[in-house]
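Structure first, commentary second.
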Amino acid sequence: MTFQRFKDQIDDVMRDSLRKMGHKDQEYELLEPSKKEFGDITCNVAFLLGKKLNKSPYEIASTIVKNYLKDSIQKQQPRYIASVEAHPVGYINFTVDCIRLGGITLKTVLHDKNYGFVDIGKGKKVIVEHTSVNPNKALHVGHMRNVILGDTIARLLKLTNHSVVVLNYVDDSGLQIADILVAFLYAKIPEEPQSEFMKFDKYCGNEVYVKVNGLYKSDSSLLERRKLVLQALEIIDGSISAFASRITLKVLREQLKTCWRLRARYDLLNFESHLLFSRLWDQVFQMLAAKGTIEYRTSGKNIGCWVFTSDVESNEKVIVRSDGTATYIAKDITYAALKVGIVQDPFRYYIFSNQWDGTNLWATTIREDVAKITPIERSVDSYINGNISSRRHFYPADMAITLIDNRQDRLQRILGEIINKMEYRVHIYFPLSYGPVTLSSQTATQLGVSIEENKNSVSMSGRKGITVDADSVLNALHRKAKQEAKERNPTFSDDELAEIAEELAISAMRYNLIKYDIEKIMKFDIEDSLSLNGDSGPYIQYTHARLSRLIEKSGRSVLADQSSNDFMLEVADLLNQEIECGLLIQVSQFENIVRNAVENFDPKIIARYLHRLATIFNVYYEKIPIVKEQDRRIRDARITLVRVIKITLINGMRALGITPLERM
RNA sequence: GGGUCCAUAGUUCAGCUUGGAUAGAAUGGCUGCCUGCGGAGCAGCUGGUCGAGGGUUCGAGUCCCUCUGGACCCGCCA
């Protein structure tokens, strides 16, 4: 902890002073001042005491400062507080000793490549479920928000020493899948897209699904077919199931390509069909019935059903229909129960694929024996090569986080209630809800969607074809970034440019999807999203490239041995410009930023921090000579500061899944 | 009908958890800054009755109430 040392010290001297004044239990807050001239940390205690003592805040503040605080501060060793002042408004403003804080910050960062990633998790196991898109369509930008938020949170948790398992739930047995199957089997819609450039996931979602939904209106026999298909999906070894498996895996592979392209990763694919075949629900049902969590209705509206009565909702929720079949929330309960260990893991696993980061992606299977894996499952992925049927330990976890669209909040609350009644550990099941993505009116108009006069955004709808798929946005970003990179680096080969462009596209997309408040609806505008300037991922990368160039040009340091303690203070002493102090303070706050982001599951905090750090550095770069500085010692001190900023920036980028570039 | 959430520069958004000093970014528009460390940058100007009204408070963008406008949720569908 670096900046925290300063804060802790203020806490100490405040406590000490208040105790001596006879206000031992007086509360107060240590806040970040709104302006730089008000110091580095400010305390509001005089306002709070003023109320009690009926005196003016300034009077109290100056008494505390003069009579108590100054003495108390003198005794601190080492002293991080440089000065303290009672402001006429009533605040007590503390200023940090930049040399002491700078010294300890430089030392900490230079000795720890993982600077900032404090051990918050202590090995605690966390399951993060994200993506979970029906395998009948291409991912649109709304899905991408789920993917990127989930992936970033998983990264943050992993970097802070949580044991993380990332799940992707594949709903391969619902109505939407049946639609696609009906289209191919009975509606004469070809199984292969007309154009070889059309991705299969997009083909299914944008053409097949839309077409078959149109056909239902004119040909009601297709609806009958769909009913039969739905039933057939529940037969383990049926031909419909096998066909369904082939189609959904084909779509899934295309979806995963998009997710992997954005540097998301998973540990396990959980297939809904396997969950159903496992009969786990029967166990869960027995437990719920035995505990009285769900009740059988013998009269009233829901006669013949098993229902759950919420403590907070007025309407009771049907869990088992009067015909004995379970409603869809049953599988959510089952899945949640599995995640938190209420029921035993029934699955076997096989390696579905290798991923971009070198890790294996596993998938569930309900087969006990390698040989029984169907040729279809096998052929779909050549990576399998017999490595099937391992027992793995994906479940249970100390905490299960699920990324969900906030339109499902109500349902998830009920689910949470049910889990809490089965499991004594609280907050173990944690739905993390985010606002859906809507399209700006401009973007909607570009898609040919007519919008009402007073509306300035449009909800996406797969059925109506109102979507912006992730691949198209990425491709557009890639093209634009490549063009710009080429203008700046005319000598680079096409491959080099493509590589850079891809990293810029990924970073622009990822940054854009996490920078907004997680719980708020996000308006997506295709033009805005293509921006590579300002508050964006590429801006961070640009700053990193600048830092790299400076280090590259710096040569050998004339300063003392960099591992010594004296070196740190020597360097901090040379960094006596105001903006250098500001940069050191920023760097020293990174640990607190990470802690904040993890505790609130809020990646936006990291993005805002990186932007601020990069901005201050870019101002520094404009104002102060670094490599050009004539005094060798000052020059080398500045290069040391540059190195420290670079490490901090890189670590923030690691958390966000943005690649630091050397050139762009 | 019941419930959840939102409203802050032309636009997109921070700030609200925990009330405090002159409400911040980005973008757009206008204007400067490269023979110099990377101009995907920096500096300046422009731009706000914090939806409206009331209340609590020494003090409200922030807390409470009412109203207006908007989004979403509430099935023996998934």
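Naming: A, B, ... by sequence-line order, numbering from 1 per chain. Just so we're clear, the structure is a prediction, and the values are computed from it rather than from any experiment.
- Regarding A/Y609, its OH atom lies at a distance of 20 Å from the C1' atom of B/rA26, rounded to whole Å.
- Regarding contacts with the backbone of B/rG38, a side-chain N or O of A/K553 is found under 4.0 angstrom from either OP1 or OP2.
- Between the side chain of A/Y542 and the base of B/rA40 there is no donor-acceptor pair of N/O atoms closer than 3.5 Å.
- Here, B/rU17 and B/rC42 have their C1' atoms 36 Å apart, quoted to the whole Å.
- Inter-residue side-chain proximity for A/Y28 and A/D11 is flagged as met; some heavy-atom pair is nearer than 4.5 Å.
- Ranked by how close their nearest RNA chain B nucleotide is to the 5' end, A/I518 and A/N600 are led by A/I518.
- The CD1 atom of A/I303 sits 20 Å away from the P atom of B/rG75 (whole-angstrom rounding).
- When the side-chain nitrogen and oxygen atoms of A/K523 are compared with OP1 and OP2 of B/rA71, none of them lie within a distance under 4.0 Å.
- For the pair A/L48 CG and B/rC58 P, the computed distance is 14 Å after rounding to whole Å.
- A salt bridge between A/E502 and A/K482 is absent, with no side-chain N of the basic residue lying under 4.0 Å from a carboxylate O of the acidic one.
- Heavy atoms of other residues, nucleotides or ligands lying less than 6.0 angstrom from CZ of A/R549 number more than 12.
- OP1 and OP2 of B/rA25 both lie 4.0 Å or more from every side-chain N or O belonging to A/Y539.
- Rounded to whole angstrom, the span from the CH2 atom of A/W306 across to the C1' atom of B/rG75 amounts to 21 Å.
- For B/rG75, the OP1/OP2 oxygens have no side-chain nitrogen or oxygen of A/K301 closer than 4.0 Å.
- Nearest-nucleotide mapping onto RNA chain B: of A/E316 and A/P538, the residue sitting toward the 5' end is A/P538.
- Between the C1' atom of B/rA78 and the CG atom of A/D172 lies a distance of 13 Å, rounded to the nearest Å.
- In this entry B/rG61 has no Watson-Crick or G-U wobble partner, no candidate having both defining distances under 3.5 Å.
- Phosphate contact (OP1/OP2 of B/rC77, side-chain N/O of A/R321, threshold under 4.0 Å): present.
- Separating the C1' atom of B/rC63 from that of B/rG15 is a span of 16 Å, rounded to the nearest Å.
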